[in-house]
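A note on names: the letters A, B, ... follow the listed sequences, proteins ahead of strands, and every chain is numbered from 1. Excluded from the calculations below are hydrogen atoms, water molecules and symmetry mates; all remaining heavy atoms, backbone and side chain alike, are included. Worth saying up front: this structure is predicted, and the values here are computed from it rather than measured.
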Amino acid sequence: MKKIEAIIKPFKLDDVKEALTSLGIKGMTVTEVKGFGRQRGHKEVYRGAEYQIDFVPKTKIEVVIDSESVADVVRVISEHARTGEIGDGKIFVFPVEEALRIRTGESGKDAF
Amino acid sequence: MKKIEAIIKPFKLDDVKEALTSLGIKGMTVTEVKGFGRQRGHKEVYRGAEYQIDFVPKTKIEVVIDSESVADVVRVISEHARTGEIGDGKIFVFPVEEALRIRTGESGKDAF
Amino acid sequence: MKKIEAIIKPFKLDDVKEALTSLGIKGMTVTEVKGFGRQRGHKEVYRGAEYQIDFVPKTKIEVVIDSESVADVVRVISEHARTGEIGDGKIFVFPVEEALRIRTGESGKDAF
Amino acid sequence: MSCLHDVQIKKIGEGTMNTGDTAFILVSAALVMLMTPGLALFYAGMVRSKNVLGTIMQSFILIGFISLEWILWGYSMAFGPDKLGMIGGLEWFGLNGVGLEPHTVYATTIPHQLFMIYQCMFAVITPALITGAFAERMRFGPFLVFSLLWATFVYNPLAHWIWGGGWLSSLGALDFAGGVAVHLSSGVAALACALILGKRRGYQTEELKPHNLPMTLLGAGILWFGWFGFNAGSALAAGSLAGSAFVATHMAGTTGALAWIAIEWRMSGKATTLGAASGAIAGLATVTPAAGFVGPISASIIGLIAGCACYLGIMAKNKFRYDDSLDVVGIHGVGGVVGLLAVGVLASKAINSNGANGLFFGNPGQLGIQCIAIAATIVYTFVITFVLLKIVNKLLGLRVPEHEEISGLDLSQHDETAYTS
Amino acid sequence: MSCLHDVQIKKIGEGTMNTGDTAFILVSAALVMLMTPGLALFYAGMVRSKNVLGTIMQSFILIGFISLEWILWGYSMAFGPDKLGMIGGLEWFGLNGVGLEPHTVYATTIPHQLFMIYQCMFAVITPALITGAFAERMRFGPFLVFSLLWATFVYNPLAHWIWGGGWLSSLGALDFAGGVAVHLSSGVAALACALILGKRRGYQTEELKPHNLPMTLLGAGILWFGWFGFNAGSALAAGSLAGSAFVATHMAGTTGALAWIAIEWRMSGKATTLGAASGAIAGLATVTPAAGFVGPISASIIGLIAGCACYLGIMAKNKFRYDDSLDVVGIHGVGGVVGLLAVGVLASKAINSNGANGLFFGNPGQLGIQCIAIAATIVYTFVITFVLLKIVNKLLGLRVPEHEEISGLDLSQHDETAYTS
Amino acid sequence: MSCLHDVQIKKIGEGTMNTGDTAFILVSAALVMLMTPGLALFYAGMVRSKNVLGTIMQSFILIGFISLEWILWGYSMAFGPDKLGMIGGLEWFGLNGVGLEPHTVYATTIPHQLFMIYQCMFAVITPALITGAFAERMRFGPFLVFSLLWATFVYNPLAHWIWGGGWLSSLGALDFAGGVAVHLSSGVAALACALILGKRRGYQTEELKPHNLPMTLLGAGILWFGWFGFNAGSALAAGSLAGSAFVATHMAGTTGALAWIAIEWRMSGKATTLGAASGAIAGLATVTPAAGFVGPISASIIGLIAGCACYLGIMAKNKFRYDDSLDVVGIHGVGGVVGLLAVGVLASKAINSNGANGLFFGNPGQLGIQCIAIAATIVYTFVITFVLLKIVNKLLGLRVPEHEEISGLDLSQHDETAYTS
Ligand SMILES: Nc1ncnc2c1ncn2[C@@H]1O[C@H](COP(=O)(O)OP(=O)(O)O)[C@@H](O)[C@H]1O
Ligand SMILES: Nc1ncnc2c1ncn2[C@@H]1O[C@H](COP(=O)(O)OP(=O)(O)O)[C@@H](O)[C@H]1O
Ligand SMILES: Nc1ncnc2c1ncn2[C@@H]1O[C@H](COP(=O)(O)OP(=O)(O)O)[C@@H](O)[C@H]1O
């Protein structure tokens, strides 16, 4: 099993969610995060003073899947999250040792 | 060392925290997340138009522990987070390569 | 590749970010979290009743880097996040199997 | 609105409009109207974020719901032709005969309809006050039904007894702006509600904390502002009585807030902002029946006592373990009793010649009369409220099911979410 | 402000100041001023959090911008010496000749400048109402230019026609407090804006939901409060007409809210808090032209109809798929039409002897006159607004570029973020 | 409140109550009361979310604290029997002799107690204004002690000098509604506070940004609304002077906002909403001493100058690097000076016959007198404030320890959290 973690632009979340659902993904977990990267933040003005805000709002999607699906999921996310402009984000893949559905106690692939 | 990541129902956080503390767990990190899964979201109405909200508020707990404790921790979380109803959430186990306490520089098991 | 996850005190974020940037780190992802640990929370009073709040606001930094940089990054974070007081936080290191830049499709070290 | 019978003797037949008085009551009516949205915020800040809209709605919709009841039958029941001292007749149903000329008894220098709409705002806020008792767990439909019945069968009779020429006013009971019909009645009704609806899930086990205290403080500020219309406006004329009531109101709010945070400081080592707001409301509620009968120093003392008494009133809840969620009993119930007693002790004819002297001014009998008013209000309100709740509960079910309580009123009752991004 | 010509005949030459009337209009002017910040919150709660400051600003800055226009040329164009029934002359440019003595025609018992500043508040809120139509996508600079032009070329003439001695008032059209110049005109202008600016990115595909409904409810409460100054204040004296208008205003707000949630309940199974607020505003807007001509029962009926009609007005948007983002057309446009018609049907000389009877009181002709007023307002407003928008769009560009729409108005137009921690 | 000595001569012996005037001052007092909660929000929106309750509390509790001080000794010190032009005697301690009859000098047509409570609201808001200077870092207890001392030893004497028959009024200094005692004094005190308390942790290195600008804008709206009570109410009668002051107030708020955003637009390319709010407050504060002495065009010019001058005032802070956290010096200090000077230049007897002419109306001497008033206010306020702060600091310690500054005032001073879910 693997966990795919994707940092994307917030307004792409719905697209990506739909695409993953079409792929048969049943669940995922989403977190609002702040990203720092090549995409610069923005200027803000407060009482005449200027501030450079380095962090940009991003959305993190986490999906745990079986190892065979990794390529598909990565491809689908990257297709649907892409705008072609800087700041589109990253996808990381992590090993997962175990998974468990709390409600039923099912584990492994059956858990998700 | 392993990291246990549990996605649970927010109102179960206190129960789970107490249970983990009883087990001797000294620390954990908690994040508010939104979950998508079998548990459907809800309908909202805005000026006569209906919206389907797919995401449900969830709480993510992260605990890094030594490898021997994994089974206990997973059991305790799943017992205390369970309501038996859909949406109780998942537990995932990840490998951890290193751990460090910033204050003291202690590492490995001593870090947590 | 590795992912460094650091749980730090929120007001240390800017310091750490600057230090990592100096080290040549190009990107990171930051999440507001609540921590439970040796550092106790605080008391709150509501209409004469006292509540013990166990959770303390913390900031989680995630940086994915190549394996050679781990030691440097861990050192820099721990130096700049340290106040010497309880609650300074933890650093964890996780294995990463793959990384992808969504915009360009670059993968591996080139992704970040 | 005090002492209408004395006034009656003096003023019958006058009835010439005064633009200053009319201007003042027009604005006062607007100010009292604003108190209900203010109350909505005051309460809504104290609930969890999943219940904020449900809580606001319980106040907001009563502006509409009770106003309609008021022009149809409420005003007539409360202020219409007296029947045996118990209730007003339905002769003024649908404002029949309630015109633009001044009434010969009530507020003789402003349009009768203006007096009616000013009173309407009181009728609206009273059931809204009760909603604090059953916050975070009542179904919306049954809430509406209960509120309508309560307004009809509790508020209207009480308002008649004390202000509409009923038996309490005949007896000489004094209540300047709403100790009987507004604060004590809502406080007592709140107790009945808390007992019958039962505790919220998680009461005294989970942290049921305010989600947005700045909202509550804003609500408190608006309430304080509106209270000048409530109390000074109850002089029904822009003269020295209104000035006096204004000062008394402000001073009691002031000392209520100070007393509350002083106790807190001693008890738990810190003064809280919610304490300051609660104390202010306690002082304002408590001085309400007294505002037009006492001078500024008496009013300051009333506020001090109110701050202390209501603080203890709230502690009582923690002890007896009923879940009066936003402390209506402790503030409006206790405040109503203390305020009505205070009139019996501190009222002075030097301030209001149409009033009476209290104990400290040589007339112990007034205190006895005030006690009768208190007892009658408590017994009547508790019994009727209890019965109404039982009936509505039987027929419709008062409480939301558990999963709706967990997901919150906003979603379960209104299909809405308060905050998104 | 109704029927100035009748009033003219009676009151010319009087001009003695009355302190009660002056007190009332001073406060009313303050109340109407407060409505614009209230509107800012009402609207801002309904946008996404990235646009909240931009939305507030579009109302807030008009207090400044239009007030300046008003004292320079606006008041003169609207209320200055009549030219052929079409417009006021510029004789009063810069308040030249607008002094502290009462005017002989307008508001004869208060300082002329007070009448002027009271009217100013109406001129301010009207273009602010329009901003709901183009929320979340208009550039700030061009917005200012458009608003200035609109105030000058649409609001000022319309105000003159109906209140400044222009042809609509000569014809006998009745509009107590702003059906023509305020609500209908802003509603029609909103339609033009929605059509020309086009839809927001994501309209009907993404969830463009309110980010903070408690803010909207607070705004609604403030608006309701201020509306008493708007409508009762339009009696321009603290007398029975003001009392009557106050009652009518309150009752229409009341029944508007109730009607709206009743329909919702039937249609989608739940009553929403936004529905209650929207219905209240619909009722208040609709009764505006009628407030000083109808009694409380008629006003309640107007509110009921308003709640239903405006609900349908909003549904229409979903059908015709123009993006009138915050429903200015559905509420103020529909409300304006319904209200002006209601005057033609329900007006009664028994309430206001300076008014007229409507259809139900034996004078069908009034309804015809009202229809003319409606038609003239719609045609004139739509055409001029359309032309102004086209010009400003050509010269400056109305709409923010796509990446600015994505990042939001707060950052892109004002370099600010509404909420941080 | 202007020119009490002129008034004195004319009005002694009159003292007949007027309902219109009374109505207006009752409402004005309520409006000025509301300004303090408004200010609480205005300030609280600009601090970080960990300090929002602490900031609100610093204003809110002063309503209670200073009102009590006022009825005990404050009113007597400010308005009681004059002692050598320097201070009022304590003859009126505890409102002894302050009754419901009109006073023969102050506000001769309303109850004396009403004048007293109206003035109370000014005494409350002035120290609340100062709190912006030491936001986010002052201990609550010492703050209370300092505020009480400051009210007693700075506000009361200054109010006496200018309004209570003291030497500044004898000299002929003009201050309609609070340039000396309210704005300039709070601005100067703010400078002393900023210097003695020192900078916040992270000042000019971290981002100390507003956590909730909509809250600040709401506060600005409420302040603007209340300011009509502050300035127009200071006419103390519902007549043409009130009307004139109302218009002047509104226009200065208006042009202040416009001037500020115009400068911003030039300087940093964008107009901010905080700029619009700040400019409005700057205009309103600056016109305060002038409101009843100047016409609408003069007032508009005052607002324009205020917007520019206060913007520069704030820039100065960034340069001199003192941490006047929420810009009390830049807005109220600079505004106070500009406003008092503006009276000396633009005052006109045509507007207020009890006033005087300024430089532009042929009386250069008035400008000299105004300069004396400014100098005296600055010197007296700075010295006394400095000494009081040093004493309180020595005895109690003004500033929170570092770890409490990090965790924030809400937790460290009040055991509360503003926002949870
Ligand atoms: N090394 C990294 N580790 C973790 N997250 C990163 C890393 N680099 C970038 N990110 C995340 O990816 C987001 C996008 O990266 P950015 O450099 O702005 O654009 P792009 O991915 O198009 O090159 C960042 O905002 C940050 O959240
Ligand atoms: N494959 C997955 N990867 C990551 N998180 C998941 C996954 N599937 C479910 N989740 C998380 O678990 C939560 C519960 O899942 P759900 O399917 O609703 O119920 P249950 O666990 O009872 O089957 C979801 O809301 C989501 O946050
Ligand atoms: N075992 C753990 N797993 C995950 N997070 C932890 C763990 N222990 C501590 N933390 C995080 O580290 C933070 C600091 O830990 P704490 O015990 O308070 O102080 P210190 O690190 O100085 O000993 C906690 O608030 C929590 O967020």
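Of all non-hydrogen atoms in E:Gly20 and D:Ala23, the two that sit nearest each other are O-CB, 3.5 Å. Across every non-hydrogen atom of E:Ala242 and D:Leu26, the tightest pair is CB-CD1, 3.7 Å.
The CG atom of E:Leu258 sits 5.0 Å away from the CD1 atom of D:Ile61 when rounded to the nearest 0.5 Å.
Not a single ring-ring contact (aromatic ring centres under 6.0 Å, His included) links D:Phe65 to another residue, sequence neighbours left out. With sequence neighbours excluded, the residues forming a side-chain contact (heavy atoms from CB on, under 4.5 Å) with D:Leu398 are D:Met138, D:Pro142, D:Ile196, D:Leu197, D:Leu389, D:Val392, D:Asn393, listed by chain and number. Not counting sequence neighbours, the partners of D:Phe246 by the ring-ring contact (aromatic ring centres under 6.0 Å, His included) test are D:Phe228.
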Using only distance (under 3.5 Å, no hydrogens or angles), which donor-acceptor pairs connect chain E and chain D?
unit_1: D:Thr19; atom_1: OG1; unit_2: E:Asn18; atom_2: OD1; d: 2.7
unit_1: D:Thr19; atom_1: OG1; unit_2: E:Asn18; atom_2: ND2; d: 3.4
unit_1: D:Ile63; atom_1: O; unit_2: E:Thr254; atom_2: OG1; d: 3.4
unit_1: D:Ser67; atom_1: OG; unit_2: E:His250; atom_2: NE2; d: 2.8
unit_1: D:Ser412; atom_1: O; unit_2: E:Lys270; atom_2: NZ; d: 3.1
unit_1: D:His414; atom_1: ND1; unit_2: E:Ala271; atom_2: O; d: 2.8
unit_1: D:Asp415; atom_1: OD1; unit_2: E:Lys270; atom_2: NZ; d: 3.2
unit_1: D:Glu416; atom_1: OE1; unit_2: E:Thr273; atom_2: N; d: 2.7
unit_1: D:Glu416; atom_1: OE1; unit_2: E:Thr273; atom_2: OG1; d: 2.7
unit_1: D:Glu416; atom_1: OE2; unit_2: E:Leu274; atom_2: N; d: 3.2
unit_1: D:Ala418; atom_1: O; unit_2: E:Leu213; atom_2: N; d: 2.9
unit_1: D:Thr420; atom_1: N; unit_2: E:His211; atom_2: O; d: 3.0
unit_1: D:Thr420; atom_1: OG1; unit_2: E:Pro210; atom_2: O; d: 3.0
unit_1: D:Ser421; atom_1: O; unit_2: E:Ser49; atom_2: N; d: 3.4

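Between D:Pro37 and E:Leu218, the closest side-chain pair of non-hydrogen atoms is not below 4.5 Å.
Looking at E:Ile261, only its side chain comes within 4.5 Å of chain D, counting heavy atoms on both sides. There is no contact between D:Ala44 and chain E, counting heavy-atom distances below 4.5 Å. Only the side chain of D:Leu144 comes within contact range of chain E, with at least one heavy atom under 4.5 Å from a heavy atom of that chain. Both the backbone and the side chain of D:Leu53 come within contact range of chain E, judged by heavy atoms closer than 4.5 Å.
For the set E:Gly243, E:Ala257, E:Gly45, E:Gly239, the entry with the most heavy-atom pairs within less than 4.5 Å of chain D is E:Gly239.
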